[in-house]
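Below: the structure, in structure tokens.
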Number of protein chains: 2
Amino acid sequence: MRKIVDIQKKLLPDLLVVMEKRYDILRWLYLSGTIGRRTLATNLNMTERVLRSELEVLRAQGLLDTAAAGMTLSESGRQLVEEMEPIVKEMFGLSDLEETVRSAFGLKRVIIVPGDSDTSDHFKMELGRAGSRVLRDILSPGDVVAVMGGSTMARMAAQFAIPSQLKDNWFVPARGGLGESVDYQANTIASELAKRTGARYRMLHVPDHLSEEAYQTIMQEPNVREVVDMIRSARIVVHGIGDAETMARRRKLVDETKAELVKDGALAEAFGYYFDRNGKVVHRMATAGLRLEDIEAAGMVIGIAGGRSKGEAIASVMRFGHDDILVTDEAAAIEALRHV
Amino acid sequence: MRKIVDIQKKLLPDLLVVMEKRYDILRWLYLSGTIGRRTLATNLNMTERVLRSELEVLRAQGLLDTAAAGMTLSESGRQLVEEMEPIVKEMFGLSDLEETVRSAFGLKRVIIVPGDSDTSDHFKMELGRAGSRVLRDILSPGDVVAVMGGSTMARMAAQFAIPSQLKDNWFVPARGGLGESVDYQANTIASELAKRTGARYRMLHVPDHLSEEAYQTIMQEPNVREVVDMIRSARIVVHGIGDAETMARRRKLVDETKAELVKDGALAEAFGYYFDRNGKVVHRMATAGLRLEDIEAAGMVIGIAGGRSKGEAIASVMRFGHDDILVTDEAAAIEALRHV
DNA sequence: ATATGGCGGGACAATTAATGTCCACCTATC
DNA sequence: GATAGGTGGACATTAATTGTCCCGCCATAT
């Protein structure tokens with residue numbers, strides 16, 4: 001059954017909202033017994049006319065009976081509601097979890113995909129797809145998007161698909177180069193996104209970690225300066241979330257710094273910063289890329305991460321409090337809630 | 001899985017066509033490899049713009065990739081098509097059978113519901129619902145509808161549901177009263193339909209079987225005459241189909257007539273007439289209701305009958321050749337095809 | 001090397017559908 | 001018999017869909 005639901009989600013994403021709308025109507029009728037059109041419209045937060053069109057469909061299907069005193073579910077309508085319960089749960093079941101997570105961390109929006117990214121690549125792909133959909137939906141003409149690196153971000157970029165070309169958007173890497181695989185570089189991801197959408201991109205050919213001296217020198221370069229200015233003015237920031245230890249290893253931090261991080265209780269990494277369990281930044285450094293103040297100033301910060309093992313790190317970064325949207329999976333969401 | 005499909009058919013009847021459309025597109029792409037928009041539009045019999053809107057959705061879902069040489073299914077699109085095969089079969093699987101029956105009997109349209117009416121009342125209900133839907137769809141303002149009696153017709157009437165009131169339609173009984181339960185009288189059914197739709201109706205208070213003498217007398221009555229004229233001018237005729245023996249018993253025909261029917265090879269009954277295996281009328285009589293010539297002249301004749309046991313009778317009446325639409329069930333359809 | 005046919009994507013007027021809003025009239029209930 | 005709340009009809013306004021053309025691009029055949 002799950003399969004058919006998944007297929008429909010892919011094939012008819014625009015129609016799922018209709019389904020939900022109709023189900024809501026039936027469900028309300030199921031609970032209210034007889035009720036009038038206007039009352040129903042108020043309760044369901046619809047305008048009268050829209051509700052009416054839906055009611056006409058439902059009536060034509062013989063799911064509801066109309067009398068002068070109001071409308072009632074017909075026998076087959078009642079039956080349908082009862083049979084639908086588990087299916088709706090399957091289809092929209094994560095919405096409850098989404099709402100719980102959203103309010104727990106005070107976010108604007110939470111998207112949860114089914115599964116656990118730790119267990120299968122399939123779920124990682126789905127996470128990427130979900131992330132790309134979110135980004136697509138909030139993208140407005142003229143937006144500059146700063147993207148971080150990482151495998152999740154790379155998958156997001158690979159799954160990005162839009163109905164029509166973007167013309168006046170920019171994708172920029174949020175930070176400089178890291179000693180990692182080229183596929184996971186922020187630079188690579190920015191260019192991939194731009195290529196897939198017809199948007200433009202800039203690259204930041206600068207190492208992420210700089211001495212203060214080198215930083216000052218390189219910022220003198222006009223073309224670096226220009227890109228950095230654009231990065232810092234990004235309206236949208238998209239980033240992954242890692243656990244501190246893994247990231248420290250990947251970044252090839254010296255043992256000394258690692259020990260310091262452990263001492264400070266660093267748990268999570270995001271935007272190149274390390275966070276402790278309370279979402280406090282425990283390690284920061286000079287960077288040519290996005291600084292914390294730019295993140296705070298950005299209009300829309302989107303975090304993407306999944307897998308049970310990342311739950312705690314996600315909770316930590318969310319407590320930092322500057323994310324607007326979180327895209328995660330079921331397992332990570334549940335785990336994150338344990339660390340609120 | 002069948003359940004979820006059934007539910008969707010009830011809840012989202014208008015959206016199934018969209019689903020089919022999108023599946024067709026994907027399937028064609030699947031088979032063609034790379035293909036252009038215009039070529040695709042021609043093949044699928046869609047206009048370019050409509051196809052394009054759908055393609056945009058599919059592309060946004062990451063189901064297809066676009067290049068300068070044309071469009072191709074993406075990996076996940078390919079996967080989707082393969083996974084959908086059985087589901088589509090489930091959803092639209094009877095369409096093939098419908099087409100086979102349609103062309104076998106030279107009908108305008110055939111609707112087949114799943115199941116076998118002989119085995120469960122549930123399927124009889126579904127048959128009625130399907131019939132009522134067909135009638136609703138072909139009903140135009142001003143139409144006069146002549147309905148026959150019978151249990152199938154009664155169920156059809158009971159399931160009739162429309163989005164908005166009919167104002168200038170008439171429902172009339174196709175024939176006079178039979179010695180049967182009042183619920184199954186044509187009169188009852190016509191009035192039920194009218195009540196459910198806000199349309200008007202007339203009754204024919206005349207026994208179905210009349211001596212020539214009585215016939216002449218009663219037709220002198222102006223109000224009978226008026227109703228009969230309306231009946232005979234009906235644009236739409238809806239009728240059930242029975243097997244000859246059962247109907248002869250119900251009609252309380254004298255043994256002599258029964259024997260004659262057997263001798264003539266009467267197999268099926270419809271519109272009050274008896275048909276042999278070749279669809280030839282083997283028994284006719286004076287009636288105040290619809291005569292054969294009226295049926296031949298009617299714009300739209302709809303037959304509704306289901307159940308394996310009725311298969312042969314259905315085939316016989318269809319060979320008579322004046323039906324336009326047949327509404328039946330899976331079992332009856334298969335059986336009917338064996339007697340083409 | 002070059003011509004050409006078919007490609008996707010952009011644009012836009014015309015048409016069709018959806019929507020908000022009012023009102024007439026009906027029916028239970030107090 | 002008044003009243004509140006119901007349905008169904010009507011319609012101007014707004015939004016979406018649709019048919020149609022055209023442009024520049026690329027792959028292929030010449």
Side-chain angles (χ1 to χ4, degrees), chain A residues 13-15 17-18 21-22 25 28-29 32-60 63-74 136 141 161-169 194-200, chain B residues 12-15 17-18 21-22 25 28-29 32-60 62-74 77 141 161-169 194-200:
Chain A
D14 42 340
L15 306 188
V17 300
V18 180
K21 189 162 40 166
R22 292 192 186 160
I25 294 171
W28 200 275
L29 272 164
S32 324
T34 303
I35 191 173
R37 201 200 317 137
R38 271 178 287 267
T39 321
L40 191 55
T42 314
N43 285 322
L44 291 171
N45 223 10
M46 296 184 188
T47 63
E48 192 190 324
R49 197 58 185 73
V50 173
L51 173 61
R52 203 161 144 185
S53 308
E54 297 302 336
L55 288 174
E56 271 161 20
V57 176
L58 298 176
R59 181 165 36 224
L63 298 174
L64 63 91
D65 294 326
T66 307
M71 295 165 299
T72 324
L73 273 197
S74 73
R136 158 163 61 86
I162 44 166
S164 63
Q165 299 285 83
L166 304 172
K167 29 193 178 182
D168 51 356
N169 286 98
K195 257 184 282 179
R196 295 185 73 89
T197 57
R200 284 166 297 180
Chain B
L12 311 164
D14 40 342
L15 306 189
V17 299
V18 180
K21 190 163 36 167
R22 291 191 186 160
I25 295 172
W28 200 276
L29 272 164
S32 330
T34 304
I35 192 174
R37 199 198 322 134
R38 273 177 281 267
T39 322
L40 191 55
T42 315
N43 285 323
L44 291 172
N45 224 12
M46 296 184 187
T47 63
E48 191 190 324
R49 197 57 184 74
V50 171
L51 172 62
R52 203 160 144 187
S53 307
E54 297 302 336
L55 287 174
E56 272 161 19
V57 176
L58 297 176
R59 180 166 29 216
L63 298 175
L64 63 93
D65 293 327
T66 308
M71 295 166 298
T72 323
L73 273 196
S74 73
I162 43 165
S164 63
Q165 299 286 85
L166 304 173
K167 30 192 178 182
D168 52 356
N169 287 98
K195 258 185 280 177
R196 295 186 72 90
T197 57
R200 284 165 297 181

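The chains referred to below are lettered A, B, ... by the order of the sequence lines, with proteins before strands, and numbering in each begins at 1.
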Quick one: which protein N/O atoms are closer than 3.5 Å to N/O atoms of nucleotides 19-22 of chain C? Pair and distance per line, please.
unit_1	atom_1	unit_2	atom_2	d
dG20(C)	OP2	T47(A)	OG1	2.1
dG20(C)	O6	R49(A)	NE	3.4

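Between L40(B) atom CG and dC7(C) atom P the separation is 10 Å, expressed in whole Å. What separates CG of L51(A) from P of dA18(C) is a distance of 15 Å, to the nearest Å. Distance CZ (R59(B)) to P (dG8(C)): 8 Å, rounded to an integer number of Å. Atom pair M71(B):CE and dC7(C):P shows a separation of 8 Å (rounding to whole Å applied). Taking atom CD of residue E56(A) and atom P of nucleotide dA10(D), one finds them 13 Å apart after rounding to whole Å. Note: CZ (R196(A)) to P (dG9(C)) measures 13 Å, nearest angstrom. Taking atom CG on D65(B) and atom P on dC7(C), their separation rounds to 17 Å, with Å as the unit.
Partners of T42(A) according to the side-chain hydrogen bond (donor to acceptor under 3.5 Å, both in side chains) rule, which considers only residues two or more places apart in sequence or in another chain, do not exist here. Listed by chain and number, the residues in a side-chain contact (heavy atoms from CB on, under 4.5 Å) with L15(B) are L15(A), V18(A), L12(B) (sequence neighbours excluded). Checked against side-chain contact (heavy atoms from CB on, under 4.5 Å), R37(B) has the following partners two or more places apart in sequence or in another chain: E48(B), L51(B), R52(B), L55(B), M71(B). S53(B) meets the side-chain hydrogen bond (donor to acceptor under 3.5 Å, both in side chains) test with R49(B); sequence neighbours excluded. For K21(B), the side-chain contact (heavy atoms from CB on, under 4.5 Å) partners at least two apart in sequence or on another chain are M46(B), V50(B), E54(B).
Applying the 4.0 Å criterion to OP1 and OP2 of dG5(D), one finds that T39(A) has every side-chain N and O outside that range.
Between the side chain of S74(B) and the backbone N or O of L63(B), at least one donor-acceptor pair lies under 3.5 Å.
Nucleic acid contact class of I35(B) (heavy atoms, under 4.0 Å, all strands): sugar-phosphate only.
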